[in-house]
Participant: 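First, the structure itself, so that you have it in front of you.
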Amino acid sequence: MSEDFAVPEKSGAEILIDTLIEQGVDTVFGYPGGAVLPIYDALFQHKKIRHVLVRHEAGAAHAAEGYARSTGKPGVVLVTSGPGATNAVTGIADAFMDSIPLIVLTGQVATNLIGSDAFQEADTVGITRHCSKHNYLVKDPADLASTVREAFAIATKGRPGPVVIDIPKNVQVATASTDVKRPTSSRFSPAGEADYAEINRAVELLANAKAPILYTGGGIINSGPEASAALRELAELCGAPVTSTLMGLGAYPASGDAWLGMLGMHGTYEANMAMNQCDVMLCLGARFDDRVTGRLDAFSPDSIKIHIDIDRSSINKTVRVDLPIVADVGAAMRQMIEVWKGRKYKAAALDDWWARIKGWRAVDCLSYTGSTQEIMPQYAIERLFAATKDKAPIITTEVGQHQMWAAQHFHFDAPNKWLTSGGLGTMGYGLPAAVGAQMGNPDALVIDIAGEASIQMNIQEMATATQYRLPVKVFILNNEWMGMVRQWQELTYESRFSESYSDSLPDFVALAEAYGWKGIRCSDPAKLDEAIAEMLAHDGPVMFDCRVHKTANCFPMIPSGAAHTDMILHSDEVSGTMDDEAKALV
Amino acid sequence: MHIKQELTERHVLTLTVDNEAGTLARIAGMFTSRGYNIDSLTVADISEDHAISRITIVTRGPPPVIDQIIAQCERLIPVHKVTDLTEAGPHVERELALVKVRGTGDQRVEAMRLADIYRARVIDATVNSFIFEITGGPDKIDTFVALMREVGLVEVGRTGIVGLMRGAEGS
């Protein structure tokens, strides 16, 4: 090392913390261990960053996702090498599928030990290569600042995603000059505005459509609140109905006149029928997921399809479209509004189209048979919504029936209020995501709508909520079954319920109290409102064990391998088995 | 139920990429993780400062899959540019092979005669063996290797193909 007194040197750990602060980081979710001790020591001396100590590294990654999705800022994770990194992988893969910006900092064994099967060594860069947007192994502290800066740009710009930075322990300890001004990389240049020729064509198609539909997705949420505002204006101008994927809920208000509800496997009858019968489909920041399209060769057979997406690889991946536009969906919608107004287009007469939609709405596909004896799960969600809608709550979910019932019966009027694991479908996402969302939104009402099976997958994060005095509410629809598995076994495997019963459940009220939470149990529909009010009145974390009807199924449903027009609306239409082609589809 | 096979096309893709650790693994791994085929893959750095490498990949798939492969390659951060030579128009493809044959008498004479016809060069010789160096398109090399099998083939090493667009323009 040269003796240069003019330029102070700092350790890799200090350079890392300085660069995180420079990038605006105020919260880090993590868990210490041998290979990150130098970073934890540097954190101890910098009080500008709050560290949230989770109880499992998967919880750190999901909490960072919840923080990112609810605040619009990237989530930051700090975990140790080996098991610390591998435990975080599920959360990284989840963020990759759902396009959530994360910076995941992992410790690594010293560079001279890499490849020697050292204690707590794992090939983190190899393991995360295909479930992250990009990853790095930093071998020199002089490269750290520029790497972290590029990582933030990659994680947040274009289609967002997780970026992993693996930092060997000796690189955290070794020093480097702090004035290394490396040129900021220009190799990453995401799409911005759309080409006006394409926008003109899209506006023309939309303005002349007789049965248009806006099919919106999580890309609108990722593009920022102004994209949601643009969607509302565009929908108003063109008069088309709006449907959304699971990830896009809240971009268009559920209370809006043009709202059809969610589409897809557990979407509404009107949304799926309108998708099937439309003549112009404008897909905005969605990706024609298999849960949305149903059987591909029967998907919206007669429509002209326009697809606006920032990721060119999402276009023509499963469904061929007629007008592909690679652009930021928020910017492209603004351009469409500008062109629409500039050319003085008028919304076409869509009375016939809306009359047909009215007919489909009349089916009332979300209706269910109520009960005075037992709490129906749909009823529980409806009452929770009624009790909280004026508080603009942030809702997280786990994965399964409760997630779909929440998507159907809880309604969102604003973006960034609905946090759910859509692409990867990760049970155990909801509680840590609620912890992260509450850290980022201290004054918000944050509720994890859970199932009794999913909640046990990251239940250790109750202690994190206790430690940081986070008043999160966990509302468990407890039907004593892995409900979605049970439902599929009933529909597809002639009710052979293989391993789907939630046996040996804990006493959730006693468990809540053991963690210093309040526990509430309710099984009587007549007392449900009162119990929900008690939950909301408590100024601290609450676990609500809502005992619901045990074998209710989630409808409507498009069975796997079926078309949008073949929805099952009620349980009496269930056949009990499927052919092999359908069974092979997930 | 049986697994269905689809009709595929062969495409030659060239990628210019950052020459840094893990780039090749990132690209090759993306092909495996998404279920794409690689027939051959060559890589070498091509810039004066060793910062940029050029990768030539021969792949197979139905046209929409080829389109998706290109998009997925472009999505990788170290990948600067992807060109589909098969789509782009006239181009040349060349591969180099080293072919070792063993034999004496007529076999040895025949091997030499065939090598001459195929413009293969002798780059190593002993009293009972040759190593030939041959360049050309993959078909020519396939044919040459098949002929050598008749006259005492021992082993073959092939580079996989590299390709460039014809004409004055770069890809």
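Each chain gets a letter, A, B and so on, in the order its sequence line appears, and its residues count up from 1.
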Participant: Can you tell me which portion of B:Q72 sits under 4.5 Å from chain A's heavy atoms? Options are side chain, backbone, both or neither.
Facilitator: both
Participant: With a 4.5 Å cut-off on heavy-atom pairs, point out which of B:S33, B:P64, B:G29 contacts chain A the most.
Facilitator: B:G29
Participant: For residues 21-28 of chain B, please give each side-chain donor-acceptor pair under 3.5 Å, one per line with the distance, not counting sequence neighbours.
Facilitator:
residue, atom, partner, partner atom, Å
B:T23, OG1, B:D18, O, 3.2
B:T23, OG1, B:E20, O, 3.1
B:R26, NH1, A:N135, OD1, 3.2
B:R26, NH2, A:N135, O, 3.2
B:R26, NH2, A:N135, OD1, 2.8

Participant: Counting only non-hydrogen atoms closer than 4.5 Å, does A:I315 touch chain B with its backbone (N, CA, C, O), its side chain (CB onward), both, or neither?
Facilitator: backbone
Participant: Top residue by heavy-atom pair count (under 4.5 Å) with chain B, among A:R159, A:K133, A:K139?
Facilitator: A:R159
Participant: Check the pair A:R287, A:D289 against salt bridge (charged side-chain N to carboxylate O under 4.0 Å, His left out), reporting the backbone distance first and the verdict last.
Facilitator: CA-CA 5 Å; A:R287 60 184 178 88; A:D289 179 85; 3.5 Å; yes
Participant: Where is the tightest heavy-atom contact between A:H130 and A:F96, given as atom of each residue plus distance?
Facilitator: O-CE2, 3.7 Å
Participant: Chain A contacts: which residues in residues 106-133 of chain B have a non-hydrogen atom closer than 4.5 Å to it?
Facilitator: none
Participant: Could you look at A:H134 and say if it's the side chain, the backbone, both or neither that has a heavy atom under 4.5 Å from chain B?
Facilitator: both
Participant: Less than 3.5 Å apart, any donor N or O on the side chain of A:Y136 or A:E150 sitting next to an acceptor on the other?
Facilitator: yes
Participant: For the CZ atom on B:R102, are there more than 12 heavy atoms of other groups (residues, nucleotides or ligands in this structure) within a distance under 6.0 Å?
Facilitator: no
Participant: How long is the gap from CD1 on A:I167 to OG1 on A:T147, to the nearest 0.5 Å?
Facilitator: 8.5 Å
Participant: How about B:T59 and B:N37: does a side-chain donor come under 3.5 Å of a side-chain acceptor?
Facilitator: no
Participant: Only one of B:V65, B:I38, B:I69, B:D39 clears side chain to side chain contact (heavy atoms under 4.5 Å, CB included) with B:R60; which?
Facilitator: B:D39
